[in-house]
Colleague: 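Input: one structure, supplied below.
Excluded from the calculations below are hydrogen atoms, water molecules and symmetry mates; all remaining heavy atoms, backbone and side chain alike, are included. So you know, we letter chains A, B, ... as the sequences are listed, proteins then strands, and number each from 1.
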Amino acid sequence: MNSLALLVALALPAADPDAVPGRIQGRVLDALAGAPAPGIVVRLVDRERWTTTDENGRFSFEAVPPGAHTLRAGDPPYQTAEIEVAVRRGAATPPVEIAIAPLVETVEIVEIARREAPAPGGTQVVRDEVTHVPGARGDMLTAVQSLPGIANTGTFGPASGGLIIRGSAIGDSRILVDGWEIPVLYHFGAVQSIIPSEMIESIDYLPGGFGVEKGRATGGVVEVHSRRGRPEWGGFAEMSFINGGMFLQGPIGGSKGARRATFAVSLRRSFVDAILPAVVPPGADLGFTVVPRYYDYQARIDWQPRDRWRLALFVFGTDDAAKIETGADNDADPLLTGTFENETTFTRAIASATYTGPVVRQRVSASADTGSFFFRAGPDRYLEFHVQGLGLRDETRVGIGDRLTLSAGGQVEVVWTENDVQFPRPPKEGDPRDPSFTFDPPIMYHEDFPVAAIEAWTAAEIRVKPWLDVTAGIRYDGYFRNDDHVIEPRGSARAKVGARTALRGSTGLYTRPAWFQDELIQRSLGPERALQSTLGIEHELREGLTVQGTAFETERRDLIVYDTDRKDASKTLDAYVNRGTGRTFGAEILVQWRGPRHFGWLAYTLSRSLRRDAPDRPERLFDFDQTHNLILVGSAKLDRAQKWQIGGRFQFTTGRPYTPVVGSIYQSDLNYYQPLFGGLNSQRLESQHQLDLRLDRVWRFSTWRLSAFVDVTNVYLHAAVLQYQYSYDYSQKQAIRTIPILPSLGVRGEW
Amino acid sequence: MRGRSLAIVVAAALAACADFRKPSDLRHAQILAVRSSRPRVPPGERATIDLLVTGDDGVPRETAPDRLEVAPDPRDPGRPIPPAVAALVGREAGGWTVTVPSEAELAIARGALGLPPDALIVLPLQATIALGVETRIAQKAIVLGAAAANPIILRLLADGAPIPPEGLRVPIGGERRLGVEATGAGTLSYAWYGGAGDLDAYRTVAPRLSAPKPGSGALLVVVRDDRGGVAWLGTTLTIE
């Protein structure tokens, strides 16, 4: 544990009146919260003496003989940390300060790694590291995109609102919060996620091969575990170019209650609306009525009525809005001008009760959510959805002896939807044309209906040999909207083949319902299916340096594709068929290193993802196929006092495929040009590469802490091509590029 | 639909910033319209197909296409056109014509296509023409077995007054509100083109013409109805 301990020995002013010869005194701080750590055991190792810190985290040893001594602080739930202290004869010893990192984060990693079926390539991310990943602006969910297997979709790109994991489309992966799916992951443009890092305990990133307890995804799963408030008062207020926010946590009730009930609340508001009008070109003829802005809010209450019972309530939500007025003519799509208006809101409450006993662990959770989505483009094209959902989920694990653990669970979820749509059909994966608001026949749909799903699973984890763990499970998904019922068997194994080496493998069937975008309208569609297989190796080269390699292969079938041309007006409500197939294969490497004052990782993915839209069509590249994706992240604290931290992140990605426009046909009766395309995804955009840098500085005061950061995305201004846009007759094209540089400067005061 | 919808907003914003040629600018090669002498052709009768095009010289001209054929099925572009259908299109005296079968033959065709007896039969046409170094393609649909005429453009207006036969003259720095009087079936739509000056809108009945610098060229409006009819009328524009 020492290797991971954050250790600070700061000499406080020698004029401390309590400083007397032979006395060692100081304070122990929670390194992450920056708050005093009460009740911590501090040992004077060489003298075999010990004491505990008071409510202010303070401790002292009297009558310590001169010489060098070792102080060790920290017991669970903290890691231990050691410092050397020199006591000089007749001189006062300056007070010391020891920062210890909570052990709970490491415990979570171990627990989850055991609890979940092995997911080769899966990773848990650690808050203290990922909040300092350059280019992520302190956002944990943005930093997840620096892990292997996730395609680089950039900021403000056509797919930047979702995650593309191991060659799967956006709708193939799920984002969960405490076990429940959320409709959106990022605010406008993917600059920030909807849950701030301070409200996140940990994130499971499962790019594939996950166990039966997770479903409705043929790609990967990202599960966010919300964070409970700590029993000490603390909080912060912060402000950056992106947003401003506050966070507060503490105990509920008196000193006895402080151990049993806690709370944490957080609130953020964007500043984009203050900055964007200043950077949009004056000639753009855009008038902002409501420029993009967002709120998000979170609150969590935890209560531990008994040692083995924990109750939690987590409420969170977001509100994004943008309204843009433009008077500019849109020559290619005349109706796509005027007012663009969008508002997305949702709120979810998750109540859970968790029992952790020596044999049984059970978690029951209930979720209620409400949300709405409204989008208007031009005079009469709009989408409006309202949803209210209720759900109940149970997960139980029972250990039977040393060799067998059984798990089972189920979930029931009903979502009532109100739908009001007058909008062109959205683009599907593999469709090179953007929808035409003027010339495409719009979907006209105004119906309300419920969407219900039931899932159930069971799995057995068997320790076949001391070095071999095997998990076999089966899952049922009932998609009642489409009257589909699927059984998904999955299995995995983990073999320890050396003191520091393990092999992992998995195979199984995965499905997702036909619920993505407008697929919900068409009840005849069945679920998409994927057979995922993975094989991985984990090896610890030395303490703090691990390497993980995973080969993966996914066979897809029943993919939902267009039945006919999108302009076929008779097919707006019956547009799709389960006719597509696909396959993805590749390998990932993740090398991580961690030390007391530095961390970093190298993530590399080599992959190829293909699709076939119909049995008689040729195989083509997936829209976001990226052959190479290399990410290097490194961050180091520069001084012993850990006031300065600097980090860098470099990414190189193969340009994604695109379909070239080779000509156009003038549709004289409607006076517009229809593009003629070359081979689907037969060309690639130029490769993307960028370097992000981040510098942090911390000032510590007696009762609070001030920190500041500069986070610069794309420091050397390589503006990569995101996509091409074309003139009205497709005779000219122009590249849409990434934002050449995105600096963010922030300050935070914590207490 | 959210992610891509927001991307559309961004794309629209970026499109407004793009430096592309404007469709209203006559000074580059393009097909401006495809005209059938009758957008809906009665049984046994014939229609002539011609084009309105412009080149880099900015001078619009009426011409016959280099090639006219029945357009391929967009759902299956490689499928051959039935010879009986392809034979409806022919070339005569330098022009291209479409000959509509008799009512009896159309009735047989409706039956073969599974259409009700009074259904309109739409024939998609594809015209090809070389404009400078580029080959341009245009499509137009005509209706077989019914009757309709093209719109009629009565006159062009500037600031509410008819533009005289000798053309429109605008002083440098001046502005004119253009207009057109036309009649036709159903809802009419308009497209304006200029070889000089700047038009503030393209698809409107009354754009504003500004004259920031001297020049001369054509000024043209194309009027379409919602039954396939099209007409155009031009004049000269001088900015001095």
Side-chain angles (χ1 to χ4, degrees), chain A residues 156-162 170 183-184 188-189 280-281 283-286 322 324 326 328-334 336-337 340 342 344 373 375 377 383 423 426-427 434-435 437 517-518 564-565 567-568 663-671 674 676 723 725-729 731-732 734 736, chain B residues 1-24 28-36 39 51-52 71 73-75 77 125-127 134-142 189-191 199-204 222 224-230:
Chain A
F156 289 113
S160 56
I170 288 177
V184 290
F188 182 86
V280 171
D285 196 14
L286 291 169
I324 301 171
T326 174
D329 272 350
N330 188 325
D331 298 324
D333 196 349
L336 192 58
T337 187
F340 298 89
N342 170 234
T344 304
F373 174 75
F375 181 75
L383 300 163
F423 211 73
D434 278 330
F437 286 71
Q517 296 187 331
D518 61 331
T564 61
D565 184 80
K567 291 194 182 304
D568 186 347
S664 64
I665 294 178
Y666 178 57
Q667 296 292 343
S668 177
D669 293 332
L670 296 171
N671 189 25
Q674 176 185 336
L676 292 174
Q723 62 186 76
Q725 64 179 96
Y726 294 87
S727 61
Y728 74 99
D729 62 351
S731 64
Q732 295 173 286
Q734 181 170 302
I736 298 175
Chain B
M1 300 187 193
R2 178 173 187 266
R4 195 67 179 257
S5 301
L6 295 179
I8 290 166
V9 174
V10 176
L14 292 169
C17 308
D19 186 22
F20 289 136
R21 283 191 298 260
K22 306 296 288 182
S24 59
H28 64 275
Q30 57 178 325
I31 298 174
L32 303 175
V34 182
R35 179 173 63 185
S36 170
L51 309 178
L52 179 65
D73 182 347
R75 287 169 290 191
L125 299 173
Q126 179 164 298
E134 296 180 57
T135 297
R136 295 281 180 148
I137 302 171
Q139 291 184 346
K140 173 181 180 55
I142 63 172
S189 61
Y190 307 86
L199 293 165
D200 73 338
Y202 160 59
R203 299 171 194 264
T204 179
V222 176
R224 292 177 171 83
D225 62 26
D226 53 14
R227 297 178 189 181
V230 63

Colleague: Quick one: what part of Asp226(B) sits under 4.5 Å from any heavy atom of chain A, side chain, backbone, both or neither?
Modeller: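 Contact with chain A: none, neither part.
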Colleague: Is Leu32(B) close to chain A through its backbone or its side chain, or both, or neither, when contacts mean heavy atoms under 4.5 Å?
Modeller: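 Backbone only.
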Colleague: Tell me every residue that passes side-chain contact (heavy atoms from CB on, under 4.5 Å) with Ser731(A), counting only those two or more places apart in sequence or in another chain.
Modeller: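 Only Ser727(A), Asp729(A), Arg21(B), Arg136(B) meet the side-chain contact (heavy atoms from CB on, under 4.5 Å) criterion with Ser731(A).
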Colleague: Heavy-atom pairs under 4.5 Å with chain A: which of Ala71(B), Gly228(B), Ala141(B) has the most?
Modeller: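 Looking at each of Ala71(B), Gly228(B), Ala141(B) in turn, Ala141(B) comes out on top.
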Colleague: Give, as side chain, backbone, both or neither, the part of Val230(B) having an atom under 4.5 angstrom from any heavy atom of chain A.
Modeller: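 The answer is neither part of Val230(B).
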Colleague: Go through the structure and list residues passing side chain to side chain donor-acceptor pair (under 3.5 Å) with Gln139(B), not counting sequence neighbours.
Modeller: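 Result, side chain to side chain donor-acceptor pair (under 3.5 Å) vs Gln139(B): Gln667(A), Gln126(B).
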Colleague: Heavy atoms, side chains only, cut-off 4.5 Å: are Ser668(A) and Arg35(B) in contact?
Modeller: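 SC-SC contact between Ser668(A) and Arg35(B) ruled out.
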Colleague: Closest approach of His28(B) and Tyr728(A), non-hydrogen atoms and distance?
Modeller: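 Shortest heavy-atom separation between His28(B) and Tyr728(A) comes out as NE2-OH, 2.7 Å.
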Colleague: Measuring only between side-chain heavy atoms, which start at C-beta, is Phe20(B) closer than 4.5 Å to Gln725(A)?
Modeller: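 Yes, close enough: below the 4.5 Å cut-off.
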Colleague: Grab the two heavy atoms, one from Asp669(A) and one from Arg224(B), that are nearest each other, plus how far apart they are.
Modeller: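 Smallest heavy-atom distance, with atoms named: O-CD, 3.6 Å.
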Colleague: Carefully, step by step, assess Tyr202(B) and Asn671(A) under the rule side-chain contact (heavy atoms from CB on, under 4.5 Å).
Modeller: CA-CA 11 Å; Tyr202(B) 160 59; Asn671(A) 189 25; 3.0 Å; yes
